[in-house]
Structures are given as structure tokens and as C-alpha cells.
Visitor: 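So that we are looking at the same thing, I have put the structure below in C-alpha cells.
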2 protein chains.
Amino acid sequence: MINTRFSVAIHILTLVATNSDKGVTSNFIAGSVNTNPVVIRRIGSLLKKANLLKGGPGVAGYSLVAEPNKITLLDIYRAVTTGEELFAVHDQPNPNCDVGKNIQSSLDISLTRAQQAMENELNKQTLADIIQHLSIQ
Amino acid sequence: MINTRFSVAIHILTLVATNSDKGVTSNFIAGSVNTNPVVIRRIGSLLKKANLLKGGPGVAGYSLVAEPNKITLLDIYRAVTTGEELFAVHDQPNPNCDVGKNIQSSLDISLTRAQQAMENELNKQTLADIIQHLSIQ
DNA sequence: ATTTATTGTAACCATTATAGTTACATTTTG
DNA sequence: CAAAATGTAACTATAATGGTTACAATAAAT
């Protein structure tokens, strides 16, 4: 299971997008996510490195760098999973076995396709879609 | 990152498929995967519950229930991730916040699509594809 | 029948990841 | 200068993961 940083990151960006009038502080966000403000700042830090969020020490609250319909879920996913693979593959299969010798590259072909398919779908959806789904419950 | 049980499960089934003459024991498999036989038997147990493998106490080695081209990677994925979601969502968002109140169902819509896309791709690939990739390195 | 080899599973352990927390330096605003 | 934020290091508790030992249960071979 992929950890909650991705869903929390989406939550953060959604709050910033829908409260652009107020100062959306880590404290405010933590109250909505129901966690500690440091957890928010930690993920906020990743989102800033990915150029999705603005803000900094002294500045009260975060703001978006781009419009919600320009921020894809893939952008957010990549921000919080900095380049890691979706599927782990076991380390040291036996090189003296025909299967062990080649299984990693064989797995790589298939698992990369699955990851690609997921990322393609994330790339079709934006923060604006998330916001829209909020209202039509 | 998804744990190595999935890739080890594929490795196990590949060995069983390509060594149907010999008795493919947990010991033999462990030597190829490079782990402890109990780890293999543990995953083997899941694959038996999913009706992908045959074998049992007293019987030396495992054998396949179906032909490799009838076993999809999705079958294997489902066997080792017994029904759990791909993406974790944080637990208790604040119900007194418009975003917190609805974010879980909004996330569910989007993340389910991404999981579906991945599973659709896994469903297109079979154990036979894995075996074929082994030889064309 | 007895021996042998094997699987199934419980129990335990070490390592790692995760999320929460405290503390404090840094920075901007007023 | 004071107040209010953020950034980040450091520490903690909890849980997941994979490895290991141990042993009961089973089937095959002799």
C-alpha cells in the first residue's frame, strides 16, 4: 500500500486552492487533515521543491504556483514519491539459475508497464477534478 | 512502494512453469530467489488459496493449476494483496471542514481510477509473457 | 510399519518505514 | 523589536516486512 503522503498532499493543495482569500497556514491545514502541523510542513516542503506550492518562513500560509486545472495528480504523486518505483523487486536472485539470472529484467518490463498505466491515469486528472468531486456528493 | 511478495510470487510461478519435470520444492525455489524456504512456502500458501498452485505437505514440490498463458499478472497480484487498496488515505479528516468532510470520497473516485488502470494493465499480461521475456535478453 | 523428505504454520526477531511530536533556528511582517 | 510563521533536525511509538527456528502433519519410499 502506498503511504498517505499522496492523499495528504492532495488534501493540502485542495485547501490552499479553495481558501485563497485566507492565509492557509500549516496549523489550519493540520486541523482539517487532523494531524500535526509539522507533518503538513514536511509534505509542504516536498510540494515546494516540486514547484507546486509557494510560501516560506515568515510568510503566513501557502499559495498555489499554478491554477488547479494545470496541476495533475501525477505532478503531485511525483512530488511526494521522489522517483521511486511503484513495485519493489527482490534483491539478489541467484545468477546461476536461468530464471534467477533474468527475472529482474523480465519483471521490470511488465511492472514498468503497470506503473505507466497508473501514471497515465493520474496524468489525466487534475486538482480541479478533485475540487469538483468535493461538491457533488 | 509495493512489497516484494508480488515479484517473488511471479518468480515462484515462473520456476514451477519452467521446471515441470523436476520436483520444484520450496528449497529449490528459495535457492533461486535467494531467501529462506519459509518465505517461499508463505507466499506459496497464498498462491494455493488463490488456486494458482497445487501441492501440500508430503507432496514434494509445487505444480501449476493452469497453463502459464491462462494466469494473468492480475491473478497473481490479487493473490498476494488480498483485497487491499493500492493507495492509503488518511483516516480522520475534520468533518467540520468542507474539504475535510468530503475529501475521502473525492480521493476515492480518483485513486480508484488509477488503481483500475494499473490492474487493467496487469490483466493484459500473463505468466507466459514473463517467461518469454526471460529468454530474449 | 518405519523412515525420510517435504509442506504448513506459529512464533519470534531485526530492520525499516511511517507518522506524530518537541524543540528551535530562521524569516518576514507589522 | 516583537509576533507569528515556516523549515528542519531529532526523537519516539507503531506497524510492516522479511528472515529464522521449530515443529506438527502429511505422503512417499523402502
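Bear in mind the structure is a predicted one, so any value in this text is a computation, not a measurement.
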Visitor: Mind checking whether B/S110 and A/I130 have side chains closer than 4.5 Å, heavy atoms only?
Guide: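 B/S110 vs A/I130: side chains touch.
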Visitor: Considering residues at least two apart in sequence or located in another chain, which fulfil the salt bridge (Lys or Arg N to Asp or Glu O under 4.0 Å) criterion with B/D98?
Guide: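 Residues passing salt bridge (Lys or Arg N to Asp or Glu O under 4.0 Å) with B/D98: B/K101.
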Visitor: Only pairs at least two apart or in different chains count here, so list each side chain to side chain donor-acceptor pair (under 3.5 Å) that has a residue in residues 81-90 of chain A.
Guide: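 Side chain to side chain donor-acceptor pair (under 3.5 Å) check on residues 81-90 of chain A returns A/H90-B/S7, A/H90-B/H11.
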Visitor: Within the 4.5 Å heavy-atom criterion, are A/I40 and A/V8 side-chain neighbours or not?
Guide: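 With C-beta onward as the side chain, the pair touches.
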Visitor: Check side-chain contact (heavy atoms from CB on, under 4.5 Å) between B/N34 and all other residues, then give those that pass, not counting sequence neighbours.
Guide: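 Expected list: A/Q92.
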Visitor: Based on the rotation axes of five pairs at each end, what angle does the helix from C/dA1-D/dT30 to C/dG30-D/dC1 bend through, to 10°?
Guide: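 End-to-end axis angle for the helix from C/dA1-D/dT30 to C/dG30-D/dC1: 20°, rounded to 10°.
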Visitor: Under the criterion side-chain contact (heavy atoms from CB on, under 4.5 Å), I'd like the reasoning laid out for B/L15 against A/C97: C-alpha separation, chi angles, the key distance, then a yes or no.
Guide: CA-CA 10 Å; B/L15 279 172; A/C97 164; 4.1 Å; yes
Visitor: Among residues two or more places apart or on two chains, list those pairs meeting side chain to side chain donor-acceptor pair (under 3.5 Å) that have a residue in residues 40-58 of chain A.
Guide: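 Checked against side chain to side chain donor-acceptor pair (under 3.5 Å) - neighbours excluded - the pairs reaching residues 40-58 of chain A are A/S26-A/R41.
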Visitor: With nearest nucleotide decided by heavy atoms, which residue, A/M1 or A/G44, maps closer to the 5′ end of DNA chain D?
Guide: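 Looking at DNA chain D, the more 5' nearest nucleotide goes with A/G44.
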Visitor: Might you point out which heavy atoms bring B/L127 and B/L73 nearest each other, and give the distance in Å?
Guide: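 Scanning both residues, the minimum pair turns out to be N-CD2, 4.4 Å.
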Visitor: Contact list please: residues 50-62 of chain B against DNA chain D, heavy atoms, distance less than 4.0 Å, in numerical order.
Guide: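 DNA chain D contact set from residues 50-62 of chain B: B/P57, B/G58.
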Visitor: Using modelled atom types and a 3.5 Å cut-off, is there a donor and acceptor pairing between side-chain atoms of A/T112 and backbone atoms of A/I109?
Guide: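 Absent.
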Visitor: Scan residues 35-65 of chain A for pairs that pass ring-ring contact (aromatic ring centres under 6.0 Å, His included), counting only residues two or more places apart or in two chains.
Guide: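 ring-ring contact (aromatic ring centres under 6.0 Å, His included) check on residues 35-65 of chain A returns no pairs.
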Visitor: Of all of residues 5-39 of chain A, which get a heavy atom below 4.0 angstrom from DNA chain D, listed by number?
Guide: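 Contacting residues: A/T25, A/S26, A/V38.
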Visitor: Between the main-chain N or O of B/D91 and the side-chain N or O of B/Q104, is there a donor-acceptor pair closer than 3.5 Å?
Guide: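 Yes; judged by distance alone, with no hydrogens or angles, the pair exists.
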Visitor: Counting N and O atoms only, with roles assigned by atom type, does the side chain of B/T25 sit under 3.5 Å from a partner on the main chain of B/G61, one being a donor and the other an acceptor?
Guide: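 No: the side chain of B/T25 does not pair with the backbone of B/G61.
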Visitor: Would you find a donor on one side and an acceptor on the other, under 3.5 Å apart, between the side chain of B/N94 and the backbone of A/G31?
Guide: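 Such a contact is found between B/N94 side chain and A/G31 backbone.
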Visitor: At a heavy-atom distance below 4.0 Å, which nucleotide of DNA chain C is the first touched by chain A, and which is the last?
Guide: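 It runs C/dT18 to C/dT28.
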Visitor: For chain B and DNA chain D, what are the first and last nucleotides along the strand, 5' to 3', with at least one atom under 4.0 angstrom from a heavy atom of the protein chain?
Guide: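 Boundary nucleotides touching chain B, in 5' to 3' order, are D/dT17 to D/dA27.
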Visitor: Check ring-ring contact (aromatic ring centres under 6.0 Å, His included) between B/F87 and all other residues, then give those that pass, not counting sequence neighbours.
Guide: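 A/F6.
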Visitor: Which residue pairs satisfy the side chain to side chain donor-acceptor pair (under 3.5 Å) criterion with at least one member in residues 66-79 of chain B, sequence neighbours excluded?
Guide: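 Every side chain to side chain donor-acceptor pair (under 3.5 Å) pair that includes a residue of residues 66-79 of chain B, provided the two are not neighbours, is B/T72-B/D75, B/R78-B/E119.
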